[in-house]
Amino acid sequence: MLDRKFLRENQELVSRAVALKNESVDIDAYYEKDAERRAALQEVETLQAEANRANKAISEAKKAGRDASEAIAAMKETSSRIKELKAAVDALEAEVEALYLRIPNVPHASVPAGGEENNEIIRTWGEPVQRDFTVMPHWDIGVELGIFDPEAPVRMSGSGFTVLKGAGARLERALINWFLDVHHQQGYTEVNIPYLVNRKAMTGTGQLPKLADDMYLCQVDDLFLIPTAEVPVTNLHMGRTLGEESLPLKYCAFSPCFRREAGAAGKDTRGLLRVHQFHKVEMVKLVAPETSWEELESLTADAEELLQKLELPYRVVTLASGDLSFAASKCYDLEVWSAGVGKWLEVSSCSNFVDFQARRAGIRFKGKDRKGFVHTLNGSGLALPRILVAIMENYQTSDGRIEIPAVLRPYLGGMEHIG
C-alpha cells in the first residue's frame, strides 16, 4: 500500500496511477471519506481539549463551593458528542480502509503508458527455432510419446488440470531441481514453505482484496491455496523489523501454484498453456530502498541465465501500465518462443514493488541512523509448465522425438531423448 501522507500530498499522481492501471477503485470516494475522517478526528480532538478544560473548571468550582451543575450538564453534552464522533470516525475508517486496500502501486516513471499493445521489447536472446519439418504442438507430441494425458485430469478434476507421465513427469522434476541448484549458485537461500496461507498474508502481498475471485479458498479454515510462492516467501518476515546489515535477503522456493483464472475467459487454454494448478520456482528479494532498481536488473538476469543455459530463445518485455499488476511499480516479462504453438509464452515476471508490499505486510528495516520499509521484488525462476511446452516444441527432432537439453541430462541419468 501507499503511505497515507503520500496519498494526501500526491492526489493527482495517485489518481493518474489508478487510471493508468485501469483499476476500478473509486479514488475520489477515498479522498472524500478520508477528508471526512480527518475532519471528524480533528473535531474529536477539539472537543476533548474542551472537555479537559471543563473538567478542570468543574473541579475548581466544587473546591470553591460554587454551583457546577451548568458546567456538568455542558460536559455531559460534550462527552455525548465525542462518543458520537468517535463512532462516526470508526465507521469512516472502515470505509477508508476498504478503499485504501484497493489503491494500486504507482507505476515507475520508465513504465510505458497504455495497455498490452504498448509493452516494449527491450532485448532478445537467440533466434526462433526453424525446422525443415512441421513442428507438432506439445499437446500432440505429448500424447504421441505417452508423456501427456489430457483425458485423465478432466475425469477427476475437470478442465484446467494436467497429468504428466513417465519421462514427462521426470523432465519436470529435473527442471525444478536444476532451477533450485542454479539459484543456490546465484546466492539464493532455498526455503520450503506452506502452501496454505491466511488472509493477512494474502493481503500483505496484494492478492487480496483485488484478486479474491482468482483464489482457491478453504472455507472451513479460512485459508487460501497459494497462487505463487511469492506470498509465503515474502511474508517470512511479516510484521518484523530487519537489521539493515542483513539486507539484501534472497530466497528461492519451489511450490505448486493454484489459480482459478476467473478472469481468463476466452484465452488459450489448450494443452499446458493455461491451467489451474502448476509448478513454479520463485525468487524473492528483500532489499534496501536505494538498491531496488539495481536488484530488479540482477533478478531479471538470474531468470535469464536459466533460459540461456536451456538454449531457449526468449525476449524481455517491459510491461505497460495497463498490463502491470496491482502491486508492481515495474515489471519485466520473459517470454520464450514456442515453435509448435507459434507464440511467445510468458515464463517469468520480474517485478519491483518498492515499499508497497512491505507496508501492507509490516516488513521494516532499521540501521544505525535510519529506519523504514524494505523494498520487495520477485520473479519466476522459472514457471512450469510453459518451459515444458518450449522444450517439447523447440527440441523436437524430425523422427518425432524430443531432445533433452544438455544441462538437464545429468538430472535424468544421462537420458538424451524422450521417445
Side-chain angles (χ1 to χ4, degrees), residues 1-19 23-106 198-210 212 219 222 238-241 326-327 355-364 366 370-373:
M1 61 181 63
L2 300 170
D3 178 52
R4 285 195 176 185
K5 182 180 178 183
F6 176 89
L7 285 170
R8 289 195 298 271
E9 295 175 351
N10 297 274
Q11 185 169 346
E12 185 178 342
L13 176 65
V14 173
S15 296
R16 184 170 182 270
V18 170
E23 293 292 339
S24 60
V25 62
D26 188 342
I27 192 65
D28 291 333
Y30 168 82
Y31 282 111
E32 289 169 9
K33 294 296 182 182
D34 188 51
E36 289 179 36
R37 179 190 64 85
R38 287 185 289 114
L41 271 174
Q42 189 173 8
E43 189 174 350
V44 167
E45 291 169 2
T46 300
L47 289 173
Q48 284 177 331
E50 288 180 13
N52 291 336
R53 289 192 294 269
N55 269 327
K56 186 177 180 181
I58 290 168
S59 178
E60 290 173 350
K62 286 182 176 180
K63 285 179 182 178
R66 297 193 303 271
D67 180 18
S69 58
E70 189 175 331
I72 291 171
M75 180 62 189
K76 286 182 178 179
E77 186 177 334
T78 300
S79 296
S80 177
R81 176 60 178 157
I82 289 173
K83 186 177 180 180
E84 290 174 5
L85 280 170
K86 283 185 174 179
V89 167
D90 289 343
L92 285 166
E93 176 59 30
E95 291 184 71
V96 168
E97 183 69 13
L99 291 165
Y100 184 38
L101 288 172
R102 290 185 175 274
I103 298 173
N105 202 354
V106 174
N198 59 27
R199 289 180 181 273
K200 188 176 180 180
M202 291 285 278
T203 302
T205 46
Q207 277 74 25
L208 292 181
K210 176 180 169 61
Q219 293 182 331
D222 199 32
M238 177 173 57
R240 297 290 183 265
T241 298
F326 170 81
D355 62 357
F356 189 85
Q357 290 182 326
R359 284 185 183 278
R360 293 169 77 102
I363 309 172
R364 296 172 170 84
K366 185 176 182 180
R370 66 170 187 160
K371 59 184 178 180
F373 290 94

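- Partners of Ala98 under the side chain to side chain contact (heavy atoms under 4.5 Å, CB included) rule, at least two apart in sequence or in another chain, do not exist in this structure.
- Listed by chain and number, the residues in a side chain to side chain contact (heavy atoms under 4.5 Å, CB included) with Arg81 are Glu43, Leu47, Glu84, Leu85 (sequence neighbours excluded).
- Two rings, from Phe373 and Phe356, have their centers 6.0 Å or more apart.
- When every heavy atom of Ala54 is checked against every heavy atom of Met75, the shortest pair comes out as CB-SD, 3.9 Å.
- A search for ring pair (Phe, Tyr, Trp, His ring centres under 6.0 Å) contacts involving Tyr31 returns nothing, not counting sequence neighbours.
- The heavy-atom pair separating Leu101 from Pro209 by the smallest distance is O-CD, 3.7 Å.
- Asp28 is linked by a side chain to side chain contact (heavy atoms under 4.5 Å, CB included) to Asp26, Glu32, counting only residues two or more places apart in sequence or in another chain.
- Every side chain to side chain contact (heavy atoms under 4.5 Å, CB included) that Asp222 has, sequence neighbours left out, goes to Arg199, Leu217.
- Scanning for ring pair (Phe, Tyr, Trp, His ring centres under 6.0 Å) contacts around Tyr30 gives an empty result, with sequence neighbours left out.
- In this structure Asp34 satisfies the side chain to side chain donor-acceptor pair (under 3.5 Å) test together with Arg37, Arg38, sequence neighbours excluded.
- Distance alone, capped at 3.5 Å, places no donor-acceptor pair between the Tyr100 side chain and the Met1 backbone.
- Taking 4.5 Å as the limit, every side-chain heavy atom of Thr203 sits out of range of all side-chain heavy atoms of Gln207.
- Expressed to the nearest 0.5 Å, how far OG of Ser80 lies from CD of Glu77 amounts to 8.0 Å.
- Residue pairs that meet the salt bridge (Lys or Arg N to Asp or Glu O under 4.0 Å) test with at least one member in residues 44-54, sequence neighbours left out, do not exist here.
- Ile27 contributes atom CD1, which lies 3.5 Å from atom CD1 of Ile103 (distance to the nearest 0.5 angstrom).
- Here the CG atom belonging to Leu208 is positioned 8.5 Å from the CZ atom belonging to Arg360, to the nearest 0.5 angstrom.
- Between Ala327 and Asn105, the closest heavy-atom pair is O-ND2, 2.9 Å.
- Not counting sequence neighbours, the partners of Glu23 by the salt bridge (Lys or Arg N to Asp or Glu O under 4.0 Å) test are Lys210.
- Rounded to the nearest 0.5 Å, atoms NZ (Lys76) and CD1 (Ile72) are 7.5 Å apart.
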Query - Pair Lys371-Arg364, side chain to side chain contact (heavy atoms under 4.5 Å, CB included): steps then yes or no - result: CA-CA 7 Å; Lys371 59 184 178 180; Arg364 296 172 170 84; over 6 Å; no
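- The salt bridge (Lys or Arg N to Asp or Glu O under 4.0 Å) search around Arg359 returns Asp3, Asp355, not counting sequence neighbours.
- The 12-atom threshold is exceeded at CZ of Arg8, counting heavy atoms of other residues, nucleotides or ligands nearer than 6.0 Å.
- Taking 4.0 Å as the cut-off between side-chain N and carboxylate O, Glu97 and Arg4 count as a salt-bridged pair.
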Which pairs of donor and acceptor atoms, one on a side chain in residues 9-19, lie under 3.5 Å apart (sequence neighbours left out)?
from: Asn10; atom 1: ND2; to: Phe6; atom 2: O; distance (Å): 2.9
from: Ser15; atom 1: OG; to: Gln11; atom 2: O; distance (Å): 2.9

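- Residues that satisfy the side chain to side chain donor-acceptor pair (under 3.5 Å) test with Gln48, not counting sequence neighbours, are absent from this structure.
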